[in-house]
Amino acid sequence: LWVGYTQLAAWQVYNRKLSRPFRELNYEPEVIFNYPLNFNLLGFKAKMAGVAFNHESNGQTLPLSRSWNRIIFHFAMEKEGWQVMFRPWYVIKGKTEDNPDADDYIGRAELTVIHAFGDHMLYAVGRHPFNRLKRGSIELNYIFPINGNLRGHLQYFSGYGETMVDYRHYQNTFGIGISLIDW
């Protein structure tokens, strides 16, 4: 049983007119149950399967409030520097929703493919709603060493749902930053 927390901060460092604010902050706590696996499948070794309760929110008040609760299933496998994870989800909808159609834009599942080579990593994340062919997203990432465990991170995103407040807007973004992984 794991507990996870992810926070996404979209910082408008270039926006001098508005004092360079954070355009959006997304918070994503979750409780995850993982079950280890050890069998071969399509030349890969299955490593884990599980389920998570996930809440994602931007912490805003109406009309900018966005949130959803999901039950996320996952299955992961790996082979010689490659990792693949499939995560379909079910959205738990309440009687009053700020964004009842988020899964129509962001998607109902994601597939992550990672390739690590030396101290470098390339990975892609694709999301799809499985009901409208022109929605969903693709995210491409390159992580590279800077010094010790400090990593540089380049990212390209194209599609819907990079942040909660923009989930209905198609956008292409490029990001650069640091990654605090493997500390």
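Source: prediction; values computed, not measured. Values reported hereafter were calculated over all heavy atoms of this structure, with side chains retained and with hydrogens, waters and symmetry mates removed.
Checked against R168 for a side-chain hydrogen bond (donor to acceptor under 3.5 Å, both in side chains), the options D101, D104, N99 give a single hit: D101.
Side-chain contact, S158 with Y170: a donor N or O sits under 3.5 Å from an acceptor N or O. Between the side chains of H115 and Y123, not a single donor N or O lies within less than 3.5 Å of an accepting N or O. Remark: the S137 side chain and the E162 side chain contain no N/O donor-acceptor pair separated by less than 3.5 Å. In this model, no donor atom of one side chain and acceptor atom of the other lie less than 3.5 Å apart for E28 and N26.
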(request) List the steps, then state whether side chain to side chain contact (heavy atoms under 4.5 Å, CB included) holds for Q155 with I176. (result) CA-CA 6 Å; Q155 180 181 86; I176 185 167; over 6 Å; no

(request) Go through the steps to decide whether F33 and Y35 satisfy the test side chain to side chain contact (heavy atoms under 4.5 Å, CB included), and finish with yes or no. (result) CA-CA 7 Å; F33 173 75; Y35 185 79; 4.2 Å; yes

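A salt bridge links K93 to D103: one of the charged nitrogens lies within less than 4.0 Å of a carboxylate oxygen. For the pair E56 and R70, the salt-bridge criterion is met [side-chain N within less than 4.0 Å of a carboxylate O]. No salt bridge links K45 with E78; every basic N to acidic carboxylate O contact stays at or beyond 4.0 Å.
Checking side-chain atoms of R108 against main-chain N and O of P129 turns up a donor-acceptor pair under 3.5 Å. Between the Q83 side chain and the V113 main chain, no donor and acceptor come within less than 3.5 Å of each other.
Here E24 contributes atom CD and T163 contributes atom OG1; the two are 4.5 Å apart, rounded to the nearest 0.5 Å. Separation of atoms CE (M48) and CG (N38) is listed at 14.0 Å; rounding is to 0.5 Å. Between atom CZ of residue F144 and atom CG of residue L122 there is a gap of 11.5 Å, rounded to the nearest 0.5 Å.
The aromatic rings of H120 and Y142 sit parallel, their planes meeting at an angle under 30°, below the 60° perpendicular limit.
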